[in-house]
Amino acid sequence: MKMEIKWQIIPQKFYNRDPSIVARELLGKLLIRIINSRMLGGMIVETEAYYGVDDPASRAYKGRKGKISGIMYEEGGVALIYMVHGNWLFNIITGPKGHPSGVLIRAIEPLIGIKYMLENRGIKDINQLTNGPGKLCKALNITGALNRVKVYSERSPIRVYMYRDINDKYIGRSHRIGVREDLPEPLRFFIKNNRFVSR
DNA sequence: TGTGTGATAGTCT
DNA sequence: GACTATCACACAT
């Protein structure tokens, strides 16, 4: 596949907003990962918003401090990657500096470098390639070494580009997955009828 | 230095 | 649907 269009990278200020708005608008955007000048990536189809201090599911809950939650206090557009249950989770920080919040990327639809992503996962089934947060990190070879990468920079190994605008009628929302104490609002956003959305 | 804790994935039934 | 392997981090000694 040849890419004739000139891609437009998403500016930093996009991320300096409320996490639920960023989570909603991140759907349909293109997530790109550069490895050894090779390009992998796909369209974001599922996200979840996390509110730092006020969110029982957040690692910054009640002002917890450490390497992980410390990054949540950074400015929007910074990558936060951490390990849970033996899997890496990829988040993008939102809101202005000093306001801990973020968006978890839960699933993408693989579009670019599918062959290499399958290799990274050691599988052959595209349907199982990136339909979960831990899976997509492994497919894209995202690890803790990429923490604090700026996803709005043309030089970064991880970037997010404009791709499609998704109409509201194609967007579903629900409570978050795997969270013990959830907030009342539905903070999980996904594209309806997309087969790469996790169950 | 040690222990408890999950925002999971994979496998088996 | 239920069970568990697995591991960096946070917090307590």
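Order of the sequence lines fixes the chain letters, A, B, ..., with proteins taken first and strands second; residue numbering starts at 1 for each chain. No hydrogens, no waters, no symmetry mates; every other heavy atom, side chains included, goes into these values.
- The closest side-chain heavy-atom distance from A/Lys29 to A/Met162 is below 4.5 Å.
- Here the P atom of nucleotide B/dA7 and the OH atom of A/Tyr50 are 7 Å apart, to the nearest Å.
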For nucleotides 10-13 of chain B, print each protein N/O atom paired with a nucleotide N/O atom at under 3.5 Å, atom names and distance only.
| from | atom 1 | to | atom 2 | distance (Å) |
| --- | --- | --- | --- | --- |
| B/dG10 | OP1 | A/Arg121 | NH2 | 2.6 |

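- For A/Asn127, the side chain to side chain donor-acceptor pair (under 3.5 Å) criterion is met by A/Asp125, A/Arg195, not counting sequence neighbours.
- Looking at residues two or more places apart in sequence or on another chain, you find a side chain to side chain donor-acceptor pair (under 3.5 Å) between A/Tyr161 and A/Arg159.
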Between A/Tyr50 and A/Thr94, does the side chain to side chain contact (heavy atoms under 4.5 Å, CB included) criterion hold? Intermediate values first, please. CA-CA 9 Å; A/Tyr50 283 86; A/Thr94 61; over 6 Å; no

Which pairs of donor and acceptor atoms, one on a side chain in residues 17-24 of chain A, lie under 3.5 Å apart (sequence neighbours left out)?
| from | atom 1 | to | atom 2 | distance (Å) |
| --- | --- | --- | --- | --- |
| A/Arg17 | NE | A/Phe14 | O | 3.0 |
| A/Arg17 | NH2 | A/Phe14 | O | 3.4 |
| A/Arg17 | NH2 | A/Glu25 | OE1 | 3.0 |
| A/Asp18 | OD1 | A/Ser20 | N | 3.0 |
| A/Asp18 | OD1 | A/Ser20 | OG | 2.7 |
| A/Asp18 | OD1 | A/Tyr51 | OH | 2.6 |
| A/Asp18 | OD2 | A/Tyr51 | OH | 3.4 |
| A/Ser20 | OG | A/Tyr51 | OH | 3.3 |
| A/Arg24 | NE | A/Asp168 | OD1 | 3.1 |
| A/Arg24 | NH2 | A/Ile166 | O | 3.1 |
| A/Arg24 | NH2 | A/Asp168 | OD1 | 2.9 |

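- The distance between atom CD1 of A/Ile81 and atom C1' of C/dA8, rounded to the nearest whole Å, is 14 Å.
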Map every base of DNA chain B to its dot-bracket character, where paired means a Watson-Crick or G-U wobble contact with both distances under 3.5 Å and | marks a partner outside the strand. ||||||.|||||.

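- Whole-Å rounding puts the A/His85 NE2 to B/dT8 C1' distance at 6 Å.
- The distance from atom CE of A/Met83 to atom P of B/dA9 is 12 Å, rounded to the nearest whole Å.
- Whole-Å rounding puts the A/Arg106 CZ to B/dT8 P distance at 6 Å.
- The interatomic distance linking A/Met72 (CE) with C/dC9 (C1') rounds to 15 Å, in whole Å.
- Not a single salt bridge (Lys or Arg N to Asp or Glu O under 4.0 Å) links A/Glu75 to another residue, sequence neighbours left out.
- Checked against side chain to side chain donor-acceptor pair (under 3.5 Å), A/Thr130 has no partners two or more places apart in sequence or in another chain.
- Residue-nucleotide stacking is not present for A/Tyr82 and C/dA8, judged by a side-chain ring centre under 5.5 Å from the six-membered base ring centre and planes under 30° apart.
- Rounded to an integer number of Å, the gap from CG of A/Asn87 to P of C/dC9 is 14 Å.
- In this structure, A/Leu136 atom CG and B/dA9 atom P are separated by 9 Å, rounded to whole Å.
- Partners of A/Ser198 according to the side chain to side chain donor-acceptor pair (under 3.5 Å) rule, which considers only residues two or more places apart in sequence or in another chain, are A/Glu46, A/Arg106.
- Looking at residues two or more places apart in sequence or on another chain, you find a side chain to side chain contact (heavy atoms under 4.5 Å, CB included) between A/Asn16 and A/Gln12.
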